[in-house]
Peer 1: 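Okay, handing you the structure first.
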Amino acid sequence: MAQCHWIALFFALSFLARVLDASAGDSDPLYKIPPRACIEHCEKTGCVGDKCFQHCKLSSDGNPIDGPWYLQEPLYQRWKQWDCHSDCRYHCMLAREEARQEFGYKPVKYHGKWPFRRVYGIQEPVSVALAALNLAMQFHGWVSFFILLYYKLPLRPDRKTFYEYTGLWHIYGILAMNAWFWNAVFHSRDVDLTEKLDYSSGVALLGFTLILAILRAFNVRDEASRVMVAAPLIAFVTTHILYLNFYNLDYGLNLKVCLVMGIAQLLLWTVWAGVTHHPSRWKLWVVVVGGALDMLLEIYDFPPYRGFVDAHAVWHALAIPFTYLWWSFVKDDSEFRTAALTKKGK
C-alpha cells in the first residue's frame, strides 16, 4: 500500500490478511509434509517435474556446486533473491494448484498468500503496476497542489501561502508516495525487510493522517497547539514502528492499532464534512463512501484471476480515481481558505 481516511482503513484491513502465515495450502501433504513433500524432494533433487534450478544443486557438504545462488544470475536479476527454497516453494505451489484444478478444486492460500504467477521475478505484477500508478497519481496531486499554491493563488508579502495547512499537506504527499513505493516493492518481493518497510511506511502515513484530520477538523492553526496535538501521536507511532521492526512483528497488535487510528480519522472527516459548509464537502463524502465500499474487497477476498488479479489488485485499481478526487478536495480547500483570508484582509 493514499487518501487520508480510507487508505488508513486499507492498510489496517490489508494487515488483517497477513495475520496468519499458515494457510490451507501449507497443510497439503503433497506440498510440504514428509514423506511425499514436493518441497523436500525439490531441495534434494533441484527439480519440480521437468523444471530444474541450478542453485539447488548441492555438494556433499550442502553448499551449492556453482557457488552461492545470488552469484549464478545476471547482476540485474539478483535483486529478486530467489534462492533454492523459495523457488521450490513457488514451483511446488504451481504444480499443486494445477493438480487441484484438474480435480475441480478451488485455489487455496500458501504461506498466507494466493498462488500468484510471477513475471520476471515479480510476485504480484498487477498489484505492483497499480501501486506504481497510485504513486504516480499521488505525485501528480502533490505537484498540482504545489503549483496552485505558489503560482496561481495570491501569496503573502513574505512569499508564504495564505493557506494554513500547506506544510502539512506537503508532508502528507511525501508520506503517501513513500507508502505506495514500499507497497509496490513488497508486492514485488515479499521478504522480511520489504514487509517491515511496507508496514512501517503504512503506519507512519496512518499516524500522520490522523494528526492532519484532527488539525483540519478542529481548525487548529496555532503552532503551539499543533505541537501539543501532534507530539503524543508522533511518539506513539514511532514507538509502535520501532516495536514492530526491532522487537516483535505482532500482526494482531498492529491490526488493532491501525483500526483505532483509521476509524478515528474516518469519523473525524465524516462528521466534519457533515457540519461544515465547505463548498467541496461532496468530494469528501464520495471518497469516504467509495473508500468504505472498497473495503469490502479486502473483507470478501477472492483468488487471483488467471493467477494475476485478486481483490487486492482490484482495490489498487479503484484507489486511483479516488486519489485524484481527494487531491481535488485538498486543492479546493486551499482555494476556499485563501479566498476567505484575503477577503478578510481587505
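Throughout, numbering of the chain's residues begins at 1 and tracks the sequence. Because the structure is predicted, anything quoted here is derived from the model rather than measured.
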Peer 1: May I ask you to list the residues sharing a hydrophobic cluster with Leu242, side-chain cutoff 4.5 Å, ordered by chain and number?
Peer 2: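 Via sub-4.5 Å side-chain contacts, Leu242 links to Phe246.
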Peer 1: Specify the closest pair of heavy atoms between Thr276 and Arg281, including all atoms of both residues, with the distance to one decimal.
Peer 2: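 Shortest heavy-atom contact: O-CD, 3.5 Å.
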Peer 1: Counting neighbours of CZ on Phe308 that are heavy atoms of other residues, nucleotides or ligands and sit closer than 6.0 Å, is the number greater than 12?
Peer 2: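 Enclosed.
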Peer 1: Less than 6.0 Å separating the ring centroids of Trp269 and Trp285?
Peer 2: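 Judged by ring-centre distance (under 6.0 Å), Trp269 and Trp285 do not meet the cut-off.
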Peer 1: Please list, chain by chain and in numerical order, all residues satisfying salt bridge (charged side-chain N to carboxylate O under 4.0 Å, His left out) with Glu164, sequence neighbours excluded.
Peer 2: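 Per chain and number, Glu164 pairs via salt bridge (charged side-chain N to carboxylate O under 4.0 Å, His left out) with Arg221, Arg337.
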Peer 1: For a quick test of reading the model, state the closest non-hydrogen atom pair linking Ala184 to Ser188 and the distance between them.
Peer 2: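 Closest approach of Ala184 to Ser188: O-OG, 2.8 Å.
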Peer 1: Please tell me if the side chains of Pro303 and Asp310 come closer than 4.5 Å, counting only heavy atoms from C-beta onward.
Peer 2: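 Answer no - side chains too far apart.
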Peer 1: Please find the pair of heavy atoms, one from Leu155 and one from Leu149, that lie closest to each other, and give the distance.
Peer 2: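 Smallest interatomic distance, heavy atoms only, reads CD2-O, 3.4 Å.
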Peer 1: If only side-chain N and O atoms count, and only distance matters, is there a donor-acceptor pair under 3.5 Å linking His240 with Asn254?
Peer 2: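 Yes.
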Peer 1: Measure the CG-CG distance between Leu205 and Leu175 for me, rounded to the nearest 0.5 Å.
Peer 2: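 Going from the CG atom of Leu205 to the CG atom of Leu175 covers 6.0 Å.
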Peer 1: Please say which of Phe162, Trp169, Tyr163 ends up in a ring pair (Phe, Tyr, Trp, His ring centres under 6.0 Å) with Tyr165.
Peer 2: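 Exactly one candidate clears the test, Tyr163.
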Peer 1: Give the minimum heavy-atom separation between Val287 and Trp326, together with the two atoms involved.
Peer 2: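 Val287 and Trp326 have their closest heavy atoms at CG2-N, 4.2 Å.
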Peer 1: Check whether any side-chain heavy atom of Leu325 lies under 4.5 Å from a side-chain heavy atom of Val286, and answer yes or no.
Peer 2: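 Result yes, sub-4.5 Å side-chain heavy-atom pair found.
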Peer 1: Step through the shown structure and confirm whether more than 12 heavy atoms of other residues, nucleotides or ligands are within 6.0 Å of CZ on Phe218.
Peer 2: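 Counting other residues, nucleotides and ligands, CZ of Phe218 stays at 12 neighbours or fewer.
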Peer 1: Might you point out which heavy atoms bring Ala313 and Val126 nearest each other, and give the distance in Å?
Peer 2: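 Here Ala313 and Val126 meet closest at CB-CG1, 3.9 Å.
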Peer 1: Do Val275 and Val220 share a hydrophobic cluster (ILVMFWY, side-chain heavy atoms under 4.5 Å, transitive)?
Peer 2: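 No, Val275 does not connect to Val220 through the hydrophobic network.
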Peer 1: Kindly indicate whether the side chain of Arg100, heavy atoms from C-beta on, has any atom under 4.5 Å from the side chain of Pro107.
Peer 2: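 The answer is no, as the side chains (C-beta and beyond) never meet within the 4.5 Å cut-off.
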Peer 1: Evaluate the criterion salt bridge (Lys or Arg N to Asp or Glu O under 4.0 Å) for residue pair Arg226 and Asp222; output intermediate values, then yes/no.
Peer 2: CA-CA 6 Å; Arg226 288 184 174 187; Asp222 179 68; over 6 Å; no
Peer 1: May I ask you to test the Ile171-Phe208 pair for a side-chain heavy-atom distance under 4.5 Å?
Peer 2: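 Yes - at least one pair of side-chain heavy atoms lies under 4.5 Å apart.
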Peer 1: Going by an N to O cut-off under 4.0 Å, is there a salt bridge joining Arg306 and Glu97?
Peer 2: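 Here Arg306 does not pair with Glu97 in a salt bridge, since their nearest N and O are not under 4.0 Å apart.
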Peer 1: Starting at OG1 of Thr209, measure out to CD1 of Ile214 and round the result to the nearest 0.5 Å.
Peer 2: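 Spacing of OG1 (Thr209) from CD1 (Ile214) equals 10.0 Å.
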Peer 1: SG-SG distance between Cys88 and Cys42 under 2.5 Å?
Peer 2: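 Taking the criterion (SG atoms under 2.5 Å apart), Cys42 and Cys88 satisfy it, so yes.
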Peer 1: Are any side-chain N or O atoms of Thr338 and backbone N or O atoms of Glu335, one a donor and one an acceptor, separated by less than 3.5 Å?
Peer 2: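 No: the side chain of Thr338 does not pair with the backbone of Glu335.
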Peer 1: Can you tell me if Asn245 and Ser200 form a side-chain donor-acceptor pair at under 3.5 Å?
Peer 2: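 A donor-acceptor contact under 3.5 Å links the two side chains.
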Peer 1: In Å and rounded to the nearest 0.5 Å, what is the CZ to CH2 distance from Phe329 to Trp282?
Peer 2: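 Between atom CZ of Phe329 and atom CH2 of Trp282 there are 11.5 Å.
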Peer 1: Is the gap between the ring centers of Trp327 and His140 under 6.0 Å?
Peer 2: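 No - the distance between ring centres of Trp327 and His140 does not fall below the 6.0 Å cut-off.
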Peer 1: Hey, are the side chains of Leu341 and Phe336 touching, using non-hydrogen atoms and a 4.5 Å cut-off?
Peer 2: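 Of all side-chain heavy-atom pairs linking Phe336 with Leu341, none is under 4.5 Å.
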Peer 1: How far does CG of Leu255 sit from CG of Asp250, to the nearest 0.5 angstrom?
Peer 2: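 So the gap between those two atoms works out to 10.0 Å.
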Peer 1: Check the surroundings of atom CZ in Phe139: do more than 12 heavy atoms from other residues, nucleotides or ligands lie under 6.0 Å from it?
Peer 2: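 At most 12 heavy atoms, drawn from other residues, nucleotides or ligands, come within 6.0 Å of this atom.
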Peer 1: Rounded to the nearest 0.5 Å, what separation is found between the CG atom of Leu233 and the CG atom of Leu212?
Peer 2: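 So the gap between those two atoms works out to 12.0 Å.
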Peer 1: Short question: side chain of Arg117, backbone of Gly307 - any donor-acceptor pair under 3.5 Å?
Peer 2: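 Answer holds: no.
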Peer 1: Report yes if the side chains of Glu195 and Leu249 come closer than 4.5 Å at any heavy-atom pair, otherwise no.
Peer 2: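 The answer is yes; the side chains approach within 4.5 Å.
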Peer 1: Classify the ring geometry of His316 against His187: parallel below 30°, tilted from 30° to 60°, perpendicular beyond 60°.
Peer 2: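 Because their plane-to-plane angle is over 60°, the rings of His316 and His187 count as perpendicular.
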Peer 1: Who passes side-chain contact (heavy atoms from CB on, under 4.5 Å) against Thr270, sequence neighbours left out?
Peer 2: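 side-chain contact (heavy atoms from CB on, under 4.5 Å) list for Thr270, sorted by chain: Leu266, Val288.
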Peer 1: Side chain of Asn178, backbone of Ile174: donor and acceptor closer than 3.5 Å?
Peer 2: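 It does not hold such a pair.
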Peer 1: Which pair of heavy atoms, one from Ala273 and one from Leu284, lies closest together, and at what distance?
Peer 2: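 Where Ala273 meets Leu284 most closely, the heavy atoms are CB-CD2, 3.5 Å.
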Peer 1: Between Met261 and Val237, is any pair of side-chain heavy atoms under 4.5 Å apart?
Peer 2: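 Yes; the side chains approach each other to less than 4.5 Å.
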Peer 1: Examine distances only and state if a side-chain atom of Glu124 and a backbone atom of Phe116 form a donor-acceptor pair shorter than 3.5 Å.
Peer 2: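 Flag not set: sc Glu124 to bb Phe116 has no pair under 3.5 Å.
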Peer 1: With under 30° as parallel and over 60° as perpendicular, where do the rings of His170 and Trp142 fit, or are they tilted in between?
Peer 2: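 Perpendicular, since the angle between the ring planes exceeds 60°.
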Peer 1: Could you state whether Tyr247 and Leu193 fall into the same hydrophobic cluster, counting links through intermediate Ile, Leu, Val, Met, Phe, Trp or Tyr residues with side-chain heavy atoms under 4.5 angstrom apart?
Peer 2: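 They do share one cluster, since a chain of ILVMFWY contacts under 4.5 Å joins Tyr247 to Leu193.
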Peer 1: Measure the spacing between OH of Tyr243 and CG of Asn248 and express it to the nearest 0.5 Å.
Peer 2: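 Reported to 0.5 Å precision, the distance equals 4.5 Å.
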